[in-house]
Amino acid sequence: MALTDSKSSIEDGRPPDPALWAIDDVVSYFKAAGFEEQAAAFRDQEIDGKSLLLMTRNDVLTGLSLKLGPALKIYEYHVKLLQTQHLKSGPP
């Protein structure tokens with residue numbers, strides 16, 4: 001059994017499927033995306049990959065107690081994108 005490219009199983013230290021991310025993976029993702037300050041809110045609220053994929057726009061805008069500007073960017077450019085990609089890829 002040959003191993004394929006290691007990127008298929010781990011990407012930047014995180015599993016490629018966001019549903020498999022631990023809380024630390026979610027925090028690392030948002031830190032890497034430039035939301036260093038806001039990433040702590042995901043840890044405080046114990047948001048793992050499965051929770052992230054279930055978040056609504058309202059959850060991000062009000063539930064994380066973030067400033068509106070960063071919260072909108074986090075939802076529109078990251079949470080929504082991850083949810084869409086996850087739906088397209090289907091269950092593992």
Side-chain angles (χ1 to χ4, degrees):
M1 182 164 116
L3 291 176
T4 57
D5 181 17
S6 63
K7 274 198 163 279
S8 64
S9 61
I10 298 291
E11 188 174 307
D12 298 327
R14 292 181 301 275
D17 182 357
L20 303 175
W21 291 358
I23 295 167
D24 285 341
D25 295 324
V26 173
V27 172
S28 296
Y29 172 83
F30 285 107
K31 283 183 176 181
F35 295 100
E36 184 84 28
E37 190 178 315
Q38 294 78 13
F42 289 89
R43 176 172 281 116
D44 294 344
Q45 294 297 324
E46 299 178 8
I47 304 293
D48 62 6
K50 284 187 171 100
S51 300
L52 184 68
L53 293 173
L54 293 172
M55 291 184 83
T56 65
R57 183 175 185 267
N58 193 52
D59 292 334
V60 176
L61 295 182
T62 62
L64 295 175
S65 301
L66 300 175
K67 289 183 181 175
L68 184 59
L72 285 168
K73 290 175 188 164
I74 285 171
Y75 180 74
E76 288 297 323
Y77 302 123
H78 297 282
V79 176
K80 200 162 128 179
L81 183 68
L82 289 168
Q83 289 170 339
T84 303
Q85 289 172 346
H86 181 72
L87 286 174
K88 284 181 184 172
S89 67

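If you're wondering where the values come from, they're calculated on a predicted model, not measured in any experiment.
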For residues 38-52, which side-chain N or O atoms pair as donor and acceptor with protein atoms under 3.5 Å away, sequence neighbours left out?
residue, atom, partner, partner atom, Å
Arg43, NH2, Asp24, OD1, 2.7
Asp48, OD1, Lys50, N, 3.3
Asp48, OD1, Ser51, N, 2.9
Asp48, OD1, Ser51, OG, 2.9

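- Minimum interatomic distance between Asp25 and Arg14 (heavy atoms only, all atoms of both residues): O-CD, 3.2 Å.
- For CD of Gln85, the number of neighbouring non-hydrogen atoms (other residues, nucleotides, ligands) closer than 6.0 Å is greater than 12.
- Members clustered with Leu72: Leu61, Leu68, by chain and number, using a 4.5 Å side-chain heavy-atom cutoff among hydrophobic residues.
- Side-chain atoms of Phe35 and Leu66, non-hydrogen and from C-beta on, never get closer than 4.5 Å to each other.
- Put simply, CE on Met55 and CD on Gln83 are 9.0 Å apart, with the number rounded to the nearest 0.5 Å.
- Atom NE2 in His86 sits 8.5 Å away from atom CG in Leu20 (nearest 0.5 Å).
- Considering CG of Leu64 and CD1 of Ile74, their distance stands at 7.5 Å, rounded to 0.5 Å.
- Applying the ring pair (Phe, Tyr, Trp, His ring centres under 6.0 Å) criterion to Tyr75, with sequence neighbours excluded, gives no partner residue.
- Residues Val79 and Leu82 fail the side-chain proximity criterion, which asks for heavy atoms closer than 4.5 Å.
- Within the 3.5 Å criterion, the main-chain N or O of Pro15 finds a donor-acceptor partner in the side chain of Trp21.
- Between the side chains of Thr56 and Asp59, at least one donor-acceptor pair of N or O atoms lies under 3.5 Å.
- Here the closest non-hydrogen pair linking Ala71 and Val60 is O-CG1, 3.4 Å.
- Side chains of Arg57 and Glu76 form a contact here, defined as non-hydrogen atoms less than 4.5 Å apart.
- Using a 4.5 Å heavy-atom threshold, the side chains of Glu36 and Phe30 count as separate.
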